[in-house]
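For reference, the structure I am asking about is given below.
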Amino acid sequence: MTLDRFGRPLQDLRISVTDRCNFRCTYCMPKEIFGRDFEFMRRDELLSFEEIARVAAAFVRAGVRKLRITGGEPLLRKGIEDLIELLALIEGVEDLTLTTNGSLLARKARALRDAGLDRVTVSLDSMDDTAFMAMNDVGFPVKNVLDAIDAAAAAGLTPVKVNMVVKRGVNDSSVVDMARHFRGTGHIVRFIEYMDVGTTNGWRLDDVVSGKEIVNAVNSVFPLEPVDPNYLGEVAQRYRYVDGRGEIGVITSVTQPFCGECSRARISADGKLYTCLFATHGTDFRQLLRNGASDTELDTAITGVWSNREDRYSEIRTSQTIEIGRKVEMSYIGG
Ligand code: SAM
């Protein structure tokens, strides 16, 4: 087990496979910044699947048990199921999962499952087409995401989790509808407090709807009770419907930070290791790989970075920290 300076073990690795996305969610990749002129990474800058698998195996040797593929939109990466197949072969991986906007999932779900993917998380910010299209900013309809969720469930990528980022005055009126729609389906909605990731989304504290408000809203219509976490370091606080029709989660990174139990490392699509979602600097693993590093050298590099880790951004967030430095964008580091 590899521990950081606060005794937190390294257990999860999130791997971004592309910085590109076919959505322009206003809170993540606003069009004004990520427009036609925006320079995304070149193909040769991205880690190859073999490089990703090598790094992932090294992280598993260091104690990681859970791998999540993300982006950008990971299903835009050509042949993504080949990567899943490589990762599924790594001994010691207990949970292999992927976060997607669902736009390409209906046609890929079966192949992903066959390649060894355990489950998926699908992002969906509203049940209302007008609000959802305004948020994804490319006119993508709710129905297509719902179809993708059905396809994922039919392929056995379960339990499907559904991520909804809640922004005040934008989609908060959809919280109860979302709970209503997914109650009794076996899918788990996770309401996420809008976070100050990156610097391009113009984040303001006033836009955040707290987990508490969200739970109160759902509870007033469908009574809830808290449930214990599934494991140490679980990001979502869990609540179940008193009538037994499933559960929801809330991710309260802003109002109730959980840095104390954060066991997650992140690799950007160009191979930089970040030890916090709100980081400003990463460690270049692509260079190590392309300079012919041995497995032992990779292991030493991972242990070196993790054992010096002292990030706890959300716990020390103040109006100053929000503005200081250039935090990396969510689309770059992966959600
Ligand atoms: N494209 C994929 C998707 O849409 O799920 C994966 C990448 S996306 C960056 C991962 C997750 O991060 C999504 O659920 C997205 O809604 C969430 N996200 C992006 N920006 C966020 C922010 N500022 N606060 C909270 N969640 C955010």
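Quick note: residue numbers are just sequence positions, from 1. Predicted model, so just to flag it, every value in this text is computed and none were measured. All ligand and atom numbering here is 1-based and tracks the order in the structure.
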Per-atom contacts, ligand 1 versus Thr70 - under 4.0 Å to a heavy atom: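 Per the distance check, 6 (C), 7 (C).
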Heavy-atom nearest neighbour in the protein, as seen from atom 16 (O) of ligand 1, with distance rounded to 0.1 Å: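 Ranking protein heavy atoms by distance from atom 16 (O) of ligand 1, first comes Tyr27 OH, 2.8 Å.
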Proximal candidate to atom 7 (C) of ligand 1 [heavy atom criterion; set Cys25, Gly72, Ser16]: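 Ranked by closest heavy atom to atom 7 (C) of ligand 1, first place is Gly72.
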Partner of Asp95 under side chain to side chain donor-acceptor pair (under 3.5 Å), chosen from Arg119, Arg65, Arg68: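 That would be Arg119; it is the only one of Arg119, Arg65, Arg68 passing the side chain to side chain donor-acceptor pair (under 3.5 Å) with Asp95.
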Residue selection (non-hydrogen contact nearest atom 26 (N) of ligand 1) among Asn163, Thr100, Val165, Val166: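 Result: the heavy atom closest to atom 26 (N) of ligand 1 is in Val165.
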Rounded distance (nearest 0.5 Å) linking atom SG of Cys21 with atom CZ of Phe34: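 One finds 10.0 Å between SG of Cys21 and CZ of Phe34.
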contact_flag Gly71 ligand 1 heavy-atom lt 4.0 Å: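 Within the 4.0 Å threshold, so yes.
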Geometric class of the Phe222/Tyr241 ring pair [parallel <30°, tilted 30-60°, perpendicular >60°]: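 Perpendicular.
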Proximal candidate to atom 19 (C) of ligand 1 [heavy atom criterion; set Met330, Glu73, Met195]: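 Checking each option, the heavy atom nearest atom 19 (C) of ligand 1 is found in Met330.
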Glu193 near ligand 1 by a heavy-atom separation under 4.0 Å: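 Yes, that is the case, since the closest heavy atom of the residue is under 4.0 Å from the ligand.
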Distance filter under 4.0 Å to Asn201 heavy atoms, resulting ligand 1 atoms: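 Selected atoms, number and element: 23 (N).
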Parallel, tilted or perpendicular: rings of Phe23 and Phe132 (30°, 60°):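 Perpendicular: the ring planes of Phe132 and Phe23 meet at over 60°.
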Joint hydrophobic cluster, Met195 plus Tyr313, side-chain heavy atoms closer than 4.5 Å: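 In one cluster with Met195: Tyr313, yes.
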Candidates Asn171, Thr200, Asp125 - the one meeting side chain to side chain donor-acceptor pair (under 3.5 Å) with Tyr27: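 The option that passes is Asp125.
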Pair Asn163, Ser123: side-chain N/O donor-acceptor within cut-off below 3.5 Å: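 No.
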Contact atoms of ligand 1, heavy-atom distance to Ser123 under 4.0 Å: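 Taking each heavy atom of Ser123 in turn, ligand 1 has 3 (C), 4 (O), 5 (O), 13 (C), 14 (O) under 4.0 Å.
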Ile192 contact mode with ligand 1 (heavy-atom cut-off under 4.0 Å):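 The part of Ile192 near ligand 1 is the side chain, not the backbone.
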Identify all side-chain donor-acceptor contacts of residues 76-92 below 3.5 Å with residues at least two apart in sequence or on another chain.
residue: Arg77; atom: NH1; partner: Val17; partner atom: O; Å: 2.9
residue: Arg77; atom: NH1; partner: Leu47; partner atom: O; Å: 3.3
residue: Arg77; atom: NH2; partner: Leu47; partner atom: O; Å: 2.9

For atom 10 (C) of ligand 1, the protein heavy atom that lies nearest, with its residue and separation: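 In this structure, atom 10 (C) of ligand 1 has Gly335 CA, 3.7 Å as its nearest protein heavy atom.
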